[in-house]
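Lettering follows sequence order; numbering is per chain, from 1.
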Amino acid sequence: MTVQASPTDLLAWYDRHARSLPWRVSPADKRAGIRPDPYRVWLSEIMLQQTTVQAVKPYFEAFLDRWPTVKALAAADEAEVMKAWAGLGYYSRARNLKACAERVAAEHQGQFPADEADLRALPGIGPYTAAAIAAIAFDRPAAVVDGNVERVISRLHAIETPLPASKPDIRAHTEDLVPEDRPGDFAQAMMDLGASLCSPRKPACALCPWTSACAGQRLGIAETLPRKAPKVAKPTRRGMAFVLLREGDDAVLLRRRPPKGLLGGMSEPPTTPFTEDAVTDDLTLAPFDLDWQRMPADVRHTFTHFHLELAVWRATAPADLALADGSWWSPPEELAGEALPTVMKKAVTAGLGE
DNA sequence: CAGTCGTGGCC
DNA sequence: TGGCCAAGACT
């Protein structure tokens, strides 16, 4: 005899234990009639894609402070958006964020659509984010399935089929649970449960509102779920970075990377392509024929699918050096505000060191 | 469908 | 300390 998982039990737990987050309207405030701002919900959901709450918080506050509405963001310079996004990762999100804001401003009169399919048609909004905005911002009964929900449902139903093959099954079970009343809070409750009690390691099953309904718990395999296909090993790629300092003011030469692909649209000191068979001492690859000095320590950085070892070279350039199109001198007081990804900040720092 | 696409914190 | 993980989307 088992107890059926009830949305009501989860919502009761959420009423007591909901996390307080800058983009969230608490259950108490919602009862007082406060509605979520779709712009804030959208902005937070884009930032939270594969990104931790802690990492998102300062970026969310900074964006909201600078661009308080979707119309303000639509009118922003894309380069400024990229600068503000620097360090958060997955930079195509920033480009799609700007494109999405423009579409909402131009095609939806600055109001986000409430319909899941209409949301899904906007750039950067996939199945998860469309459902999340529909549910959280508009209280539509959408099935919101993220990594947290996949874990909760996999355990609740003891699904041993590995991800991603189990996704359709997980979705079906989630749809069965979505309540007509408070679907937005239900979605957030599922994610809060997965982020706290139903954590990847050491789940706190004794405190879970669904413990008596959980097949994974009953079978003693909850912590081992969800199963996942084995991951492929990351290869190591190598490359060179050239930190060029301008004689006199120590401005650093930067350029913009191509709009798509790795670190697309972001800024960098000149680099070589990153490859597994790269040589890191071939100065014919340098952007200028100067007296380059190799810095003693390489920069190491790990991306999603490869490790990078970057040899950093430094030189000083005469102030009248002729620059190619698309590159510029960034003086010391502007360097921190440039659209430099973390790996490129590391490279510049290494190049500035002794 | 499987590969691409960042970063920081965790154990 | 190196792999795992975090509110995925796009191709």
Asker: Look at the side chain of A:Tyr128 and the base of C:dG8, then say whether one donor and one acceptor between them are separated by less than 3.5 Å.
Answerer: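 There is none.
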Asker: Side-chain N or O of A:His301 versus OP1/OP2 of B:dG6: is the shortest distance under 4.0 Å?
Answerer: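 Answer is no, no contact under 4.0 Å.
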Asker: Using the ring of each side chain (for Trp, its six-membered ring), is A:Phe63 parallel, tilted or perpendicular to A:Trp85, with breaks at 30° and 60°?
Answerer: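 Perpendicular: the ring planes of A:Phe63 and A:Trp85 meet at over 60°.
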Asker: Examine C:dG8: is either OP1 or OP2 under 4.0 Å from a nitrogen or oxygen in the side chain of A:Gln50? Give yes or no.
Answerer: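 For A:Gln50, the contact criterion (side-chain N or O under 4.0 Å from OP1 or OP2 of C:dG8) is met.
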Asker: Is the shortest distance from a Lys or Arg side-chain nitrogen in A:Asp281 or A:Arg294 to a carboxylate oxygen in the other one below 4.0 Å?
Answerer: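 Judged by the 4.0 Å cut-off on N to carboxylate O distance, A:Asp281 and A:Arg294 do not form a salt bridge.
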Asker: Is it the case that the base of B:dG6 and the side chain of A:Thr51 share a donor-acceptor contact (distance under 3.5 Å, atom types as modelled)?
Answerer: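 Looking at the base of B:dG6, it does pair with a donor or acceptor on the side chain of A:Thr51 (distance under 3.5 Å).
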Asker: Take the protein atom CG of A:Asn96 and the nucleotide atom C1' of C:dG8, then report the distance between them rounded to whole Å.
Answerer: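 These atoms are roughly 12 Å apart.
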Asker: Do A:Arg120 side-chain and C:dA9 base share a donor-acceptor contact under 3.5 Å?
Answerer: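 Answer no: no donor N or O sits under 3.5 Å from an acceptor.
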Asker: Using the salt bridge (Lys or Arg N to Asp or Glu O under 4.0 Å) rule, pick out the option among A:Asp185, A:Asp192, A:Asp29 that qualifies with A:Arg24.
Answerer: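 When salt bridge (Lys or Arg N to Asp or Glu O under 4.0 Å) is applied between A:Arg24 and each of A:Asp185, A:Asp192, A:Asp29, only A:Asp192 qualifies.
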Asker: Is A:Tyr91 near enough to B:dT7 that one of its side-chain N or O atoms lies under 4.0 angstrom from OP1 or OP2?
Answerer: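 For B:dT7, OP1/OP2 do have a side-chain N/O of A:Tyr91 under 4.0 Å.
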Asker: For atom P, what is the distance between C:dA7 and B:dC5, given to the nearest Å?
Answerer: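 Going atom to atom, P in each nucleotide, I get 23 Å.
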Asker: Tell me whether the guanidinium CZ or amine NZ of A:Arg237 lies under 6.0 angstrom from the six-membered ring centre of A:Phe274 and within 45° of its axis.
Answerer: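 The answer is no, since A:Arg237 fails at least one limit relative to A:Phe274.
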Asker: Say you pick atom P in C:dT11 and the same atom in B:dG6; how far apart are they, in whole Å?
Answerer: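 Pairwise P distance, C:dT11 against B:dG6, rounds to 14 Å.
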Asker: Taking atom P in both C:dC4 and B:dG3, what distance in whole Å separates the two?
Answerer: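 That atom pair is separated by 15 Å.
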Asker: Heavy atoms only, 4.0 Å cut-off, all strands: where does A:Gly87 land among base, sugar-phosphate and nothing?
Answerer: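 Sugar-phosphate only.
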Asker: What I want to check is whether an N or O donor and acceptor connect the side chain of A:Thr129 with the base of C:dG8 at under 3.5 Å.
Answerer: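 Answer is no: no donor-acceptor pair is held.
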Asker: Take atom CD of A:Glu45 and atom C1' of C:dA6, then tell me their distance rounded to the nearest Å.
Answerer: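 Nearest whole value for this atom pair: 13 Å.
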Asker: In this structure, how many angstroms lie between the P atom of C:dG3 and the CZ atom of A:Arg300, rounded?
Answerer: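 The distance from CZ of A:Arg300 to P of C:dG3 comes to 13 Å, rounded to the nearest Å.
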Asker: Rounded to the nearest angstrom, tell me the gap between atom CG in A:Leu163 and atom C1' in C:dG8.
Answerer: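 One finds 13 Å between C1' of C:dG8 and CG of A:Leu163, rounded.
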Asker: Find the distance A:Lys234:NZ to C:dG2:P and express it as a whole number of Å.
Answerer: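 Taking NZ of A:Lys234 and P of C:dG2, I get 13 Å after rounding.
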Asker: State plainly whether the residues A:Glu116 and A:Arg140 are in salt-bridge range, i.e. N to O under 4.0 Å.
Answerer: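 Answer for the salt bridge query: no.
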Asker: Between A:Thr342 and A:Pro164, which residue's closest nucleotide on DNA chain B lies nearer the 5′ terminus?
Answerer: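 The residue whose closest nucleotide sits nearer the 5' end is A:Pro164.
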Asker: NE2 of A:His305 versus P of C:dG3: gap in Å, rounded?
Answerer: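 Rounding to the nearest Å, NE2 of A:His305 and P of C:dG3 are 16 Å apart.
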